[in-house]
K.L.:
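Quick one: the structure is below, questions incoming.
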Amino acid sequence: MLRLENISLTVNNNGESKDILNNINISFVPGKLYGITGPNGGGKTSIAKTIMGIFKPNTGSIYLNEEDISDLDVAERAKKGIAYAFQQPPRFKGLTVEDLLKIARPDIETMEMRKTIRDVGLCPEDYLARDLGPGLSGGEMKRIEIAQVLTRNAEISIFDEPEAGVDLWTIQRLIFAIMQNFKTRPDATAIIITHNENVLPLCDEIIVVEDGEISAIGKPDEVWSLIREEIECQRRNECRGEMLNEIQ
Amino acid sequence: MKFNSLDWELLGAITELNELPKGAINIRKDGEAIVRNSSPNITISSFIDKPGIIVEIKPETKDESVHVPVLLTNSGLKDKVYNTFIVGENADITIIAGCGIHNESHADSAHDGIHEIIVKKGARMKYIEKHYGQGKGKGKRIFNPTTIIRVEEDGVAELEMVQIEGVDDTIRPTTAYVGKKASLTIVERLLTHGEQKAESDVKIYIEGEGGAAQILSRSIARDTSEQVFRAAMIGQTECLGHVECDSIIMGNAKIKAVPELVAESADAVLTHEAAIGKIAGEQLIKLMSLGLTEPEAIDTILEGFLR
Ligand SMILES: Nc1ncnc2c1ncn2[C@@H]1O[C@H](COP(=O)(O)OP(=O)(O)OP(=O)(O)O)[C@@H](O)[C@H]1O
Ligand SMILES: [Mg+2]
């Protein structure tokens, strides 16, 4: 179980301090698939980065199976079983897809590596030897990023907008790959940060993050109707009016 | 044969050989040729008036290679050598050159190689040159290779120049002439650390119509090392030329990259790309999130970059 207790995060932005997360408390239990959603800039990626150890919170603690991992660095958390698929995966000139998968899991067998690449909708013959430099498209980078987290079979896997920049034909396939990987491992927890309304209903629980806080948490049908209402309401009232005004 | 384990170590580092290959080979150690074999298609002979060798590859020779490594193990030695390679028409050949210096003393060891390469009409050549230095002495390990290459009509040449370890000082002028419909690629890989200095000065003249040339340089400068990279692409006719230099800078190192494009014809298409930067924080974090420590992540990024 992964538990975030009273997590607050402030960053220093050009000399000005900026509050990003405010008193976040959540528990992620094994065997569940979580969806995190909410408006742009709400703090979803910041939560993921705080779990991975990339961001250090100002207050609060993080526990993995009741062990306090707050002081562990990124690599140590990775070794403890946390994996994070970046929203914007960085490129590496000179490293191939195969190199990266082998770093993600040094003992990976060729067959499994090929299968994972196929699972994310890419052809192993074409892609394993490809350089992770500027020659890969954004969507390709994204799929490789997901493949890499899948190969790790981590206890906690976080996918940050796996659907972003990925074509309509492949989104279903990616989600299926994530679900498959997770379903075969009853002790695993998967967290998907997403804006996709086809993905959210598949989750066991949805967490809505707004302005650095958790504004709602619950089963998809409960939370989904809340979000719907809010969006509808916005559409009817302010936005439409404002937009029309601007157009005129 | 006058080989000891140190010689093999140096040979391994520059040529990846662990036994003498069949075919043409010339090994120069401390100023003299200790191994020389010609093959039916490749003759190696000495210059009469100066130190060095002439390697002649017969026309139409296919899929052969020739090794011409140089070893310096006598400290304080300054070795100057002239090597000429003539690749006959329509031949297809790989030349493996390179130099390894072992210096345990406080006197400088230097190797100045002057290489002249002629790739005749329709021939294909790949030339690989690795430089490697080792030894704990305070004496410097210095390489100053000068290369002049001419690629004749329809010829295809690729030069791969690698210097990854242990070379204190290097100045490397390269001048190339590219003929009609010929093509030349120069790939450079360079790593400097400590107080090392490296200077590379490449000039490519594309003289023949339809000629193409590119320089692809990747380098890493660590500690307080300094690098200067000058690359001039001179297009004298309808041609394609591209210069690319990409560097990672670390510590208190200095890198100067000067790409230069000179078009002497309205039909010359010349481009360049140059980038110098440190390792991106995102890259380190990505690899650490896969379980690598920070030093391991740095090594992985650097190794990949120079591959
Ligand atoms: N390193 C940083 N420095 C300054 N501000 C930051 C930094 N990282 C994030 N922020 C700010 O924190 C807030 C939350 O960002 P975060 O990336 O967590 O949002 P998000 O919910 O993932 O948004 P999106 O849906 O657009 O991905 C934003 O206002 C963002 O500008
Ligand atoms: Mg985000």
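Proteins come first, then strands; the chains are lettered A, B, ... in the order of their sequence lines, and each starts at number 1.
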K.L.:
Do A/Val11 and A/Lys18 touch side chain to side chain, with heavy atoms closer than 4.5 Å?
P.N.:
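Contact flag for A/Val11/A/Lys18 side chains = yes.
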
K.L.:
Work out which heavy atom in A/Gly81 is nearest to a heavy atom in A/Ala154; give both atom names and the distance.
P.N.:
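For A/Gly81 versus A/Ala154, the nearest heavy atoms are O-CB, 3.5 Å.
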
K.L.:
So, are A/Asp167 and A/Lys142 salt-bridged, with charged N and O less than 4.0 Å apart?
P.N.:
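Result for this pair is no, no salt bridge flagged.
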
K.L.:
If the threshold is 4.0 Å, N to carboxylate O, is there a salt bridge linking A/Asp107 and A/Arg105?
P.N.:
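Looking at A/Asp107 and A/Arg105, the cut-off is met.
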
K.L.:
Grab the two heavy atoms, one from A/Ser27 and one from A/Tyr34, that are nearest each other, plus how far apart they are.
P.N.:
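Looks like O-OH, 3.7 Å.
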
K.L.:
Looking only at the side chains, is there a donor atom on one of A/Thr59 and A/Asn6 sitting less than 3.5 Å from an acceptor on the other?
P.N.:
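Looking only at side-chain atoms, A/Asn6 and A/Thr59 do not form any donor-acceptor pair under 3.5 Å.
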
K.L.:
Under 4.5 Å, heavy atom to heavy atom: which of residues 250-262 of chain B reach chain A? Give them by number, or say none.
P.N.:
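If one takes a 4.5 Å heavy-atom cut-off, no residue of residues 250-262 of chain B lies near chain A.
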
K.L.:
Considering non-hydrogen atoms only, spot the tightest contact between A/Ile20 and A/Ser46 and give its length.
P.N.:
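In terms of heavy atoms, the two residues are closest at CG2-OG, 3.3 Å.
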
K.L.:
More than 12 heavy atoms of other residues, nucleotides or ligands under 6.0 Å from CG of A/Asp71: is that the case?
P.N.:
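Counting neighbours around CG of A/Asp71, 12 or fewer heavy atoms of other residues, nucleotides or ligands fall under 6.0 Å, so no.
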
K.L.:
Between A/Arg152 and chain B, with a heavy-atom cut-off of 4.5 Å, which part of the residue counts as in contact: side chain, backbone, both or neither?
P.N.:
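Side chain of A/Arg152 only, per the 4.5 Å heavy-atom cut-off to chain B.
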
K.L.:
Could you state the interatomic distance from CG (A/Asn196) to CD1 (A/Ile175), rounded to the nearest 0.5 Å?
P.N.:
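It comes to 6.5 Å.
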
K.L.:
Counting only heavy atoms not in B/Lys278, do more than 12 fall under 6.0 Å of its NZ?
P.N.:
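Counting neighbours around NZ of B/Lys278, 12 or fewer heavy atoms of other residues, nucleotides or ligands fall under 6.0 Å, so no.
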
K.L.:
Quick check on A/Leu132 against chain B: is it the side chain, the backbone, both or neither that has a heavy atom closer than 4.5 Å?
P.N.:
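Interface part for A/Leu132: neither.
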
K.L.:
Sort out for me which of B/Ile279, B/Leu287, B/Thr293 touches chain A most, counting heavy-atom pairs under 4.5 Å.
P.N.:
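Max contact count across the listed options: B/Leu287.
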
K.L.:
Under a 4.5 Å cutoff for heavy-atom pairs, which residue among A/Lys80, A/Glu145, A/Glu76, A/Arg77 has the most contacts with chain B?
P.N.:
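Heavy-atom pair counts peak at A/Glu145.
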
K.L.:
Determine whether A/Ile158 and A/Phe28 make a side-chain contact, defined as any pair of heavy atoms from C-beta on separated by less than 4.5 Å.
P.N.:
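Result no, sub-4.5 Å side-chain heavy-atom pair not found.
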
K.L.:
Among side-chain atoms of A/Asp68 and A/Ser70, is any donor-acceptor pair under 3.5 angstrom?
P.N.:
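Side-chain D/A pair, A/Asp68 to A/Ser70: present.
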
K.L.:
Does this structure show an ion pair linking A/Arg3 with A/Glu5, if we count only N-O contacts that are shorter than 4.0 Å?
P.N.:
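Yes, charged N to carboxylate O under 4.0 Å.
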
K.L.:
Counting only non-hydrogen atoms closer than 4.5 Å, does A/Ile103 touch chain B with its backbone (N, CA, C, O), its side chain (CB onward), both, or neither?
P.N.:
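Contact with chain B is through both the backbone and side chain of A/Ile103.
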
K.L.:
Let me know if A/Gln148 has heavy atoms under 4.5 Å from chain B in its side chain, its backbone, both or neither.
P.N.:
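When you check distances to chain B, only side chain atoms of A/Gln148 fall under 4.5 Å.
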
K.L.:
Does either side chain, that of A/Thr96 or that of A/Asp131, offer a donor lying less than 3.5 Å from an acceptor on the other one?
P.N.:
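A/Thr96 vs A/Asp131: no donor-acceptor pair found between side chains.
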
K.L.:
Answer yes or no: is there a side-chain heavy-atom contact under 4.5 Å between B/Gln196 and B/Gln163?
P.N.:
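Of all side-chain heavy-atom pairs linking B/Gln163 with B/Gln196, none is under 4.5 Å.
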
K.L.:
What option among B/Glu282, B/Lys286, B/Gln283 has the most heavy-atom pairs under 4.5 Å with chain A?
P.N.:
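Among B/Glu282, B/Lys286, B/Gln283, the one with the most close pairs to chain A is B/Lys286.
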
K.L.:
Please classify the contact between A/Tyr84 and chain B as side chain, backbone, both or neither, with a heavy-atom cut-off of under 4.5 Å.
P.N.:
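Just the backbone, heavy atoms under 4.5 Å.
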
K.L.:
So A/Pro124 and A/Val97, do their side chains get closer than 4.5 Å, heavy atoms only?
P.N.:
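They are not in contact (no side-chain heavy atoms under 4.5 Å apart), so the answer is no.
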
K.L.:
Of all the residues in residues 295-307 of chain B, which have a heavy atom that comes within less than 4.5 Å of a heavy atom in chain A?
P.N.:
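B/Thr300, B/Ile301, B/Gly304, B/Phe305, B/Arg307, listed by number.
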
K.L.:
Quick one: which residue pairs count as a side chain to side chain donor-acceptor pair (under 3.5 Å) with a foot in residues 115-125 of chain A, not counting sequence neighbours?
P.N.:
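Listed by first then second residue: A/Arg114-A/Glu125, A/Lys115-A/Asp119.
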
K.L.:
Please list, in residue-number order, every residue in residues 212-227 of chain B that has a heavy atom less than 4.5 Å from any heavy atom of chain A; write 'none' if there are none.
P.N.:
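Hits under 4.5 Å: B/Arg218.
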
